[in-house]
Student: 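Structure in structure tokens, see below.
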Amino acid sequence: MKLKEYAKKNQYTVMLLALMAILLLFFTVTKGSTLWMVSTWKSMMTQFPVYGVMTIGVMFCFISGHIDMSFVALGDFACIIGMSYMVNHATESMGSGQILGIVLVGVLIVLLIGALGGLINGLLITKLNIPPVMATIAMQLVWTGLSIALTEGNTVTGIPTMFTSTLNKVYFGFLPMSVIIFAIVFIIAAFLLKYTTYGEKLYMIGTNKKASHFSAINTDRMIIGTFILCDVICCIGALLMVATMSSAKADYGTSYVMRCILILVLAGVLPDGGMGKILNVLLAIVSIQIIATGVNMFSSLNTYYANMIWGGLLIIVLILSTKLGGNGFVRKKKPKIEKKAAA
């Protein structure tokens with residue numbers, strides 16, 4: 001009985017666990033010898049933190065009932081500025097302490113630009129009443145244009161090895177630094193959503209913005225702050241991406257926009273706002289990574305088949321979310337119409 005109650009209250013969790021089990025079973029049967037190699041799982045652990053961190057950032061916007069389409073382009077622009085600073089100021093003749101200072105300043109520049117981008121998004125949406133999708137798509141074009149103009153489409157290379165080696169370091173032979181950073185971001189996000197008034201207000205705004213406003217919640221300030229938080233977190237993900245590539249470029253990670261949206265929808269963090277659990281986001285991230293890794297194990301398949309699968313999953317989940325109830329896969333009950341007694 002308790003199991004049935006849990007399944008009823010946590011239907012997205014059950015769905016994701018079932019999906020993960022099906023994926024593991026399928027790839028075990030077809031490519032078991034490759035799937036369960038230690039190297040395969042090590043590779044997976046170095047891949048998912050980049051878009052996993054970004055997904056957590058965008059999750060805050062989704063819960064508030066908004067969407068951000070500019071986070072990857074903003075992260076690319078911020079990293080181009082930050083990495084250019086490192087490249088132009090760090091030299092081989094410098095000591096490790098000096099280089100560390102330059103690296104920290106470069107990282108701070110990236111995060112400050114992320115905060116500025118979030119502030120601009122928030123102001124466009126709250127003060128100018130521009131729809132979130134249109135505002136953030138416009139800013140996506142702005143950041144991409146600035147990135148290409150600054151670099152002329154070229155790649156920023158020569159990043160200090162102290163930066164790349166630190167973020168790519170592996171502890172105990174199996175635990176990458178990127179996973180540790182992902183875990184820290186995950187824990188902080190979970191704490192904010194579950195144990196703070198900010199998280200409570202965020203869910204309230206996503207559920208009913210007008211009612212939240214009349215409940216003495218400064219909705220504009222909350223939305224602006226949420227976009228700032230979202231884009232700062234996404235810039236952390238962009239830093240992990242740059243460290244993996246050992247370079248920065250205007251078009252890195254463009255596929256992560258739809259991947260992050262797919263993960264959130266799959267986890268039940270719907271664009272309508274006011275719903276979603278961060279545990280489900282973690283399960284969805286792992287499921288998507290299993291699909292990506294599994295497709296790559298088939299040498300005869302084009303890697304773009306993974307995008308096709310993710311797109312199909314997104315359509316299916318969106319259809320189910322539209323046709324079925326917002327509390328999971330529970331069919332909406334039609335209201336009963338009472339027949340009036342004949343006079």
Student: With no hydrogens and no angle check, is any side-chain donor or acceptor of Thr40 less than 3.5 Å from a backbone partner on Thr34?
Tutor: yes
Student: For the residue pair His66 and Phe227, categorise the inter-ring angle as parallel (less than 30°), tilted (30 to 60°) or perpendicular (more than 60°).
Tutor: perpendicular
Student: Which residue in the set Thr13, Leu17, Ile285 passes side-chain contact (heavy atoms from CB on, under 4.5 Å) when paired with Asn280?
Tutor: Thr13
Student: Thinking salt bridges, do Asp220 and Lys127 make one under a 4.0 Å N-O criterion?
Tutor: yes
Student: Is the side chain of Tyr203 donor-acceptor paired with the backbone N or O of Gly276 at a distance under 3.5 Å, no angle test?
Tutor: yes
Student: Are Leu150 and Ile81 side-chain neighbours, meaning at least one heavy-atom pair lies under 4.5 Å?
Tutor: yes
Student: On the six-membered ring of Phe298, is Lys31 placed so that its NZ or CZ lies under 6.0 angstrom from the centre and within 45° of the ring axis?
Tutor: yes
Student: Within the 4.5 Å heavy-atom criterion, are Val269 and Tyr12 side-chain neighbours or not?
Tutor: no
Student: Determine, step by step, whether Leu167 and Ser178 satisfy the side chain to side chain contact (heavy atoms under 4.5 Å, CB included) criterion, reporting the C-alpha distance in whole Å, the side-chain angles of both residues, the deciding distance to 0.1 Å, and the verdict.
Tutor: CA-CA 6 Å; Leu167 292 186; Ser178 56; over 6 Å; no
Student: Carefully, step by step, assess Ile63 and Met59 under the rule side chain to side chain contact (heavy atoms under 4.5 Å, CB included).
Tutor: CA-CA 6 Å; Ile63 292 174; Met59 175 191 66; 3.9 Å; yes
Student: So how far is it from Asp76 CG to Ser147 OG, rounded to the nearest 0.5 Å?
Tutor: 6.0 Å
Student: Which value, rounded to the nearest 0.5 Å, describes the distance between Ile159 atom CD1 and Thr155 atom OG1?
Tutor: 10.0 Å
Student: Is any side-chain heavy atom of Leu19 less than 4.5 Å from a side-chain heavy atom of Leu23?
Tutor: yes
Student: Side chains of Met241 and Tyr51: closer than 4.5 Å at any heavy-atom pair?
Tutor: no
Student: Picking from Pro132, Cys230, Cys234, what satisfies side-chain contact (heavy atoms from CB on, under 4.5 Å) with Cys61?
Tutor: Cys230
Student: Taking C-beta and beyond as the side chain, do Ile261 and Phe62 meet within less than 4.5 Å on heavy atoms?
Tutor: yes
Student: Counting only N and O atoms by type, is there a donor-acceptor contact under 3.5 Å from the side chain of His213 to the main-chain atoms of Lys209?
Tutor: no
Student: If I compare all heavy atoms of Ala73 with all of Thr144, which pair ends up nearest, and what's the gap?
Tutor: CB-OG1, 3.4 Å
Student: To the nearest 0.5 Å, how far apart are CD1 in Ile288 and CD1 in Ile263?
Tutor: 5.5 Å
Student: Which pair of non-hydrogen atoms, one from Pro160 and one from Ile99, has the smallest distance, and what is that distance?
Tutor: CB-CG2, 4.2 Å
Student: If I take atom CD1 from residue Ile181 and atom CG from residue Leu240, how far apart are they, to the nearest 0.5 angstrom?
Tutor: 5.0 Å
Student: Could you tell me if the side chain of Val72 sits less than 4.5 Å from the side chain of Trp143, heavy atoms only?
Tutor: no
Student: Is any side-chain heavy atom of Thr151 less than 4.5 Å from a side-chain heavy atom of Lys249?
Tutor: no
Student: Does Met69 offer a backbone N or O that forms a donor-acceptor pair with the side chain of Thr136 under 3.5 Å?
Tutor: yes
Student: Would a 4.5 Å heavy-atom cut-off, applied to side chains only, mark Val286 and Met20 as touching?
Tutor: yes
Student: Can you confirm whether or not the ring centre of Phe48 sits under 6.0 Å from the ring centre of Phe182?
Tutor: yes
Student: Mind listing the closest non-hydrogen atom pair of Leu202 and Leu193 along with its distance?
Tutor: CD2-CD2, 4.0 Å
Student: Please say whether more than 12 non-hydrogen atoms of neighbouring residues, nucleotides or ligands are located less than 6.0 Å from CE in Met94.
Tutor: yes
Student: So does Ile205 get a backbone contact from the side chain of Ser212, meaning a donor-acceptor N/O pair under 3.5 Å?
Tutor: yes
